[in-house]
Peer 1: 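Questions regarding the structure given below will be posed in turn.
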Amino acid sequence: MDYKDTLNLPVTDFPMRGNLPKREPEILQLWEQMGLYQKMEEAGKGRPSFILHDGPPYANGHTHIGHALNKILKDIVLKSRRMQGNYVPYIPGWDCHGLPIELMVDKKLGKKKRDMTKAEIRLECRSYAKEWVDIQSEEFKRLGILGDWDNPYLTMHTSYEAATARELARFAERGGLYKGKKPIHWCSSCVTALAEAEVEYADHTSPSIYVKFPFAGELPAEAAALAGKKVSFVIWTTTPWTIPANLGICLNPELTYVAVEAGEDVLVMAEGLYESVMKTLEIKDYQVLASFPSAPFENKVCRHPFYNRDSLIILGDHVTLEAGTGCVHTAPGHGQEDYVVGLKYGLEIYNPVNDYGKYREDVEFFGGMKITDANAEVCAKMTEVGALLKESKVSHSYPHCWRCKKPVIFRATEQWFISLEANDLRKKSLEQIKATQWIPAWGQNRIYSMVENRPDWCISRQRSWGVPITAFYCEKCGEALADGKTMHHIADLFEDHGSDIWYEKEASELLPEGSACPACGHGTFTKEMDILDVWFDSGVSHAAVVEQRDNLKSPADLYLEGSDQHRGWFHSSLLASVGTRDVAPYKAVLTHGFVVDGKGKKMSKSVGNVVAPEEVIKKYGVEILRLWVAAQDYRDDIRISQEILQRLSDAYRRIRNTARYILGNLHGFDPATDLVADGELVEIDRWALSRLERLVERVEKSYDDYEFHVLYHAVHNFCSVDMSSFYLDVLKDRLYTARDGSLARRSAQTAMYRILDALTRLIAPVLSFTAEDIWAHLPGEREESVHLASVPCFETSLLDAELEARYEKLLMVRSDVSKALELARATKLIGHSLDARVLVEAPAGEWKELLEQYRDELATLFIVSQAELAEGLDDAVAGEEIPELKIRVEKAQGEKCERCWNYATSVGSDNDHPGICHSCSDALA
RNA sequence: GGGCUAGUAGCUCAGCUGGCUAGAGCACACGACUGAUAAUCGUGAGGUCGGAGGUUCGAGUCCUCCCUGGCCCA
C-alpha cells in the first residue's frame with residue numbers, strides 16, 4: 001500500500017515562480033476593473049487624512065530609475081498610511097512649462113517657426129508636454145503606483161495658470177515684487193537673452209590686460225609704510241570693454257597682500273601671486289615694501305583709471321590665487337560674482353551696453369561704439385593715461401551663443417524679483433524651516449543656510465513657454481503697472497481662457513476699464529513679455545492644488561523628493577507659501593539620495609552604467625524594483641546593479657515560497673469554522689504567533705518612521721529564520737501525518753493562517769502585486785483587495801516573552817545538535833536527520849531542567865526519530881553554543897515507518913499495516 | 001574651491017549615549033534530502049569597521065588631517 005495517499009501534503013495552485021513580468025499587468029488590469037483607487041477614496045471618507053503632495057516631474061522624456069525610486073517610495077508611504085487607517089488621496093502632478101520643452105518644440109518646428117505667432121508656438125508646446133504627460137503616466141502606473149491618474153494636476157492647466165498668476169498678484173499686493181537689474185548671458189547678434197542651457201563653451205582668444213587703479217583713500221595703519229608713495233592696485237582682466245563699467249576692486253578676505261615698489265610705482269597685489277605677475281609684467285627691478293591683510297582696505301577707494309569716479313575696494317570669497325593678481329576688477333553689471341558681491345556692498349548694477357552690444361550714447365569716450373571694437377579703444381585710452389601695465393593675448397574657454405556661435409556677453413538687464421526682505425520673507429522662511437520636520441534631520445541645516453544666504457529671487461525669463469508676468473508698461477512714461485488689483489483681474493481671465501489669452505489680446509483688451517499709469521496718469525499700455533521662472537510655477541502648487549481640491553488639506557503632511565530639491569522645489573514652495581501666507585506649505589519633508597551604480601558612481605550614458613527601469617521590469621518585474629526601493633537605506637546614495645537585483649530576486653523568492661508553502665498547508669482549512677482558540681493552541685504554535693507579533697511591531701514602527709529597509713530585513717529574516725528553517729520544518733511531521741481535522745493539525749493551520757494573513761498585510765505596501773495574489777489565495781472572507789484592508793492589529797495578548805526566552809535556549813541546543821548530526825552525516829552514519837537517535841547530557845542546572853521539561857518534544861524539535869536525556873556520555877561531542885552539553889548521535893532504533901518516515905520499534909506491530917508505526921496506525925484507524 | 005552628506009564581510013543592513021573573541025540574512029563552498037523539488041534542511045569559510053595620527057585603562061563608536069563617492073553651489 002502507498003501510504004503517501006494517507007498524508008496531508010501541501011496543495012495549492014499558487015505558483016512557485018511569480019512570472020512577474022507577465023502577472024503584474026494582469027493584476028494592474030484587475031485593479032483598474034475593480035476601480036481600486038475610487039474604492040479607496042470611498043473607504044477613506046471620514047478618516048483622518050494624510051496628505052502627501054506630489055512634486056511634479058518635468059514632462060519631457062521617458063521616466064528613469066530616479067523617477068521610479070521617488071514614486072515607489074511615495075507609493076509605499078501612501079499605501080502604508082492607508083492601511084493604518086488614514087484617508088490618503090494621491091494627486092500626481094507634472095511640471096509642464098519651461099525652456100527644455102520650448103527648445104524641443106523649437107527644434108521640431110525648425111523653419112516653420114518663423115511664420116508662427118507666439119500663441120501658435122505655445123500651442124505646440126502644450127501638446128508636446130501633454131504627450132509626455134501621457135507617456136509618463138503610463139510608465140508610473142506600471143510601477144503599481146495607486147493614485148488619481150485620471151485627474152492629475154498639470155502646471156499648464158488653465159486653472160493652475162490662473163492660480164500661478166494669482167499668487168504673483170499676492171506678492172505684488174504685499175509689496176514683495178519689484179523690478180531690478182541682474183546680469184544674464186546676452187547674444188548681441190541674435191538680440192536675445194540666453195539661458196545657461198543655450199550657452200556653449202568654446203575656446204576663444206581674448207586680450208589679457210593688467211591695469212593700475214590708483215589708491216585714493218587714507219592708508220590704514222597696517223600699510224603706514226606706504227605713506228607718501230604712489231600706490232596702485234593692480235587688476236587683471238580678459239574683457240577690457242567692461243572697464244568703463246568698473247565700480248569696484250575685490251580682494252579675498254583671507255589672503256595676505258603685498259606692496260611692491262618698482263620705479264616710482266607701488267603696486268598692490270596678493271602675496272601668493274606677485275612674483276609671477278612681476279615676471280609677466282617683465283619688471284625685474286622691484287622690492288616688497290610691505291605686506292598686510294586685506295580687511296583694513298575694505299570700503300577704501302581707488303580712482304577709476306580714466307573716469308572721474310571712485311572704484312570701491314571690497315572683499316569676496318570668490319577671489320582666488322588661480323589666476324590674475326588677487327585684486328579682481330568688479331563690474332556688477334557684467335558678471336555673476338561681481339553682481340552678487342556688488343549687491344552686498346550696495347554698488348549700482350551698472351550696465352552701459354545696449355541690446356545691440358553697443359555702448360550707450362552717454363558713455364564718455366566710447367558712446368555708440370560696438371563693444372567688439374571697444375577692447376582696443378579702451379586699451380588705447382588706458383595707455384594714454386598710463387594705467388595699462390601690460391597687454392597680451394590669452395586663449396580660454398568662453399561662452400558662445402548656441403544658435404549663431406558668436407561669443408556672448410554678460411550684461412545686466414531689467415528683471416522681476418521677489419524680495420527676500422520685504423515682509424521679512426527671509427526671516428519668516430527661516431522660522432518656518434525650523435518649525436518643519438526634516439527627514440533626515442540634516443536637511444533642515446542644509447536648506448536653512450541656503451535661504452539664509454540666497455539673493456532675491458529672480459522670477460522673470462525672456463521666453464515664451466510659461467505663465468506670463470502680468471505686468472504692463474505705460475506707453476508714455478514707461479512706468480510699470482503691476483498692482484494686485486490689475487494682476488488679479490488678469491488671473492481671472494486666465495481662469496476662463498488660460499494664459500494663452502495674454503498673447504492673443506492687446507493690452508487694452510486685457511486691462512480692466514479705466515486703468516491709468518500710476519506715475520503719469522496716461523491710459524495706454526504695452527504688455528510685459530517676460531514669463532515666470534518655472535520654479536515659481538511648481539512653487540505655488542500648494543495654492544493651485546492642495547488648497548483648491550476639496551479632498552486635500554493645506555499645509556500638506558509630507559513632501560517627498562530627492563535631496564536636490566532642497567535648492568529646488570522645497571525651496572521655491574517655501575518662499576511662495578511663506579511670502580503670501582506666512583506658513584510653510586508642508587509639515588514634514590522627506591528626502592532621498594540619488595541612484596548610483598554598484599560602485600557608487602553616478603549614472604551616465606557615456607559611462608554606460610545606466611539602469612533603465614523598463615529593463616528591470618522586463619527581466620525581473622516591478623516587484624523586484626519595489627523591493628529594491630524598500631531594501632535600500634534611501635537617506636544615502638542608492639546603489640543598483642545586476643548583483644543587487646539578483647540578490648533581491650533571491651530574497652523575493654524566499655518570501656514568496658514561504659507564503660506558497662503556508663498556502664499549500666492551509667488546503668482544506670476554513671477560518672470560519674476551523675480556527676483554534678488561543679488557549680488550545682499547541683505550544684510551538686503559540687511561539688510562532690508570539691514571533692509574528694514581534695514582527696508586526698517591528699514593521700509597523702518601520703512604516704511609522706519611514707525606515708523601510710528595516711522592514712525588508714525583518715520580513716526576510718522572519719521568513720528564513722523563524723519560519724522556513726525552524727517552525728515550518730518542525731511542523732511538517734505534524735501537518736502531514738496528523739489526521740485531517742485533528743486539533744494537532746488545526747492548531748498548526750490556525751497559526752499559519754494568522755501568520756500569512758498578517759504577513760500579507762505587512763508586505764502589501766511594498767510587494768503590492770504579490771500580496772494581492774496571496775490575498776486572493778488565502779481562505780476566508782476578506783476584502784476585495786489587500787489594499788482595501790488594514791494593517792494587522794498588534795495583539796499583545798499573543799506576545800509571550802517567557803515562551804520566547806525558553807525557545808531561544810532550545811534553539812541553541814538545537815543548533816548544537818545540528819552540528820553533531822552533521823558530523824554523523826560526514827561519517828555516513830546517517831543521511832536524513834530522521835535516521836538518527838540523539839542522546840543529550842547536561843550537568844545539573846538550568847540546561848538540564850529545560851531539557852527535562854521538554855523531554856517529549858526534543859525529537860520533534862530536532863527532527864530526529866528519537867531524542868533522549870542520558871548520562872555518562874564522556875566520549876560524545878561537546879556543544880559549541882553550550883559547552884557543558886554533551887551530544888551523541890546514533891542510528892535510530894527500530895524500523896523506518898513507511899508512512900511518517902520516523903524510525904520506531906513499533907513498526908510491524910499492527911497486522912493490518914505491518915510497515916507503519918504505532919502513531920501512524922492510530923491516525924489511520 | 002565652498003556647503004551638506006556618506007564610506008562596517010562579495011551584496012543589503014545591525015552595531016544606542018566608547019567596554020566581553022565586530023553581528024544578521026543573502027550570496028559562496030561543502031554536504032543531506034527527494035513528501036515546499038527550477039524547492040527545502042545542515043555545516044563551513046568570509047571583515048587591519050576607507051586611510052593616517054590623536055584622546056582614553058579601553059574606539060567601528062570621540063577629535064584632527066587625508067583619500068574615495070554623492071547632492072547643491074561657485
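So that the names make sense, note that chain A is the first sequence line, chain B the second, and so on, each numbered from 1. Worth knowing before you read on, the calculation uses all heavy atoms, side chains too, and leaves out hydrogens, waters and symmetry mates.
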Peer 1: Measuring to OP1 and OP2 of B:A39, would you say a side-chain N or O of A:R653 lies under 4.0 angstrom away?
Peer 2: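 So the side-chain polar atoms of A:R653 do come within 4.0 Å of the phosphate oxygens OP1 or OP2 of B:A39, strictly under.
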Peer 1: Please classify the glycosidic conformation of B:G46 as syn (within 90° of 0) or anti (everything else).
Peer 2: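 The base of B:G46 is oriented syn (glycosidic angle within 90° of 0).
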Peer 1: Given the P atoms of B:G60 and B:A9, what is the spacing between them in whole Å?
Peer 2: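 Those two atoms are separated by 14 Å.
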Peer 1: If only atom types and distance count, is the side chain of A:S865 paired as donor or acceptor with the main-chain N or O of A:R837 below 3.5 Å?
Peer 2: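 Checking the backbone N and O of A:R837 against the side chain of A:S865, no donor-acceptor pair under 3.5 Å is found.
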Peer 1: Between A:H832 and A:A651, just flag the one whose closest nucleotide in RNA chain B comes earlier from the 5' side.
Peer 2: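 Whichever sits nearer the 5' end wins; that is A:A651.
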Peer 1: Please determine whether a side-chain nitrogen or oxygen atom of A:S724 lies at a distance below 4.0 Å from atom OP1 or OP2 of B:C41.
Peer 2: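 So the side-chain polar atoms of A:S724 do come within 4.0 Å of the phosphate oxygens OP1 or OP2 of B:C41, strictly under.
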Peer 1: Ignoring hydrogens and geometry, is there a side-chain-to-backbone donor-acceptor pair from A:Y703 to A:L762 under 3.5 Å?
Peer 2: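 Such a contact is found between A:Y703 side chain and A:L762 backbone.
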Peer 1: Does A:Y448 make a side-chain N or O approach to OP1 or OP2 of B:C4 shorter than 4.0 Å?
Peer 2: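 False: A:Y448 side-chain N/O out of range (4.0 Å or more) of B:C4 OP1/OP2.
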Peer 1: Taking atom types as they are modelled, would you say the side chain of A:R17 forms a donor-acceptor pair with the base of B:A38 within the 3.5 Å cutoff?
Peer 2: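 Side chain to base: pair present.
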Peer 1: I'd like to check, for A:W901, whether its ring lies over the base of B:G35 with centroids under 5.5 Å apart and a plane angle smaller than 30°.
Peer 2: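 Yes, A:W901 stacks on the base of B:G35.
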Peer 1: Taking the nucleotide of RNA chain B with the nearest heavy atom to each, does A:Q565 or A:P10 sit closer to the 5' end?
Peer 2: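 The answer here is A:P10.
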Peer 1: When the C1' atoms of B:A29 and B:G10 are considered, how many whole Å apart are they?
Peer 2: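 Between the two C1' atoms, the distance is 13 Å.
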Peer 1: Partners of A:R446 by side chain to side chain donor-acceptor pair (under 3.5 Å), sequence neighbours excluded?
Peer 2: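 By the side chain to side chain donor-acceptor pair (under 3.5 Å) rule, A:R446 matches no residue at all.
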Peer 1: According to a strict under-4.0 Å criterion, is A:R635 in side-chain N/O contact with OP1 or OP2 of B:C71?
Peer 2: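 For A:R635, the contact criterion (side-chain N or O under 4.0 Å from OP1 or OP2 of B:C71) is not met.
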Peer 1: Tell me if a side-chain donor or acceptor on A:H913 pairs with a main-chain N or O of A:G915 at a distance below 3.5 Å.
Peer 2: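 Here the side-chain-to-backbone pair does not exist.
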Peer 1: How far, in whole Å, is B:G2 from B:A24 if one measures between their C1' atoms?
Peer 2: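 Nearest-Å result for B:A24 against B:G2 at atom C1': 40 Å.
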Peer 1: If you compare every side-chain N and O of A:H709 against the phosphate oxygens of B:A14 (OP1, OP2), does one of them come in below 4.0 Å?
Peer 2: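 Looking at the OP1 and OP2 atoms of B:A14, one of them is under 4.0 Å from a side-chain N or O of A:H709.
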Peer 1: Is the shortest side-chain heavy-atom distance between A:T737 and A:K732 below 4.5 Å?
Peer 2: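 Of all side-chain heavy-atom pairs linking A:K732 with A:T737, none is under 4.5 Å.
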Peer 1: May I ask you to verify if any side-chain N or O of A:K602 is less than 4.0 angstrom from the OP1 or OP2 atom of B:G69?
Peer 2: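 No, because none of the side-chain N or O atoms of A:K602 sits under 4.0 Å from OP1 or OP2 of B:G69.
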Peer 1: Under 4.0 Å between a side-chain N/O of A:Q646 and OP1 or OP2 of B:C11, yes or no?
Peer 2: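 No, outside the criterion.
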Peer 1: So, does A:K4 get its side chain near the phosphate of B:G35, meaning an N or O under 4.0 Å from OP1 or OP2?
Peer 2: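 For A:K4, the contact criterion (side-chain N or O under 4.0 Å from OP1 or OP2 of B:G35) is met.
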Peer 1: Answer yes or no: does a side-chain N or O of A:R654 lie under 4.0 Å from OP1 or OP2 of B:A27?
Peer 2: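 No, no such contact exists.
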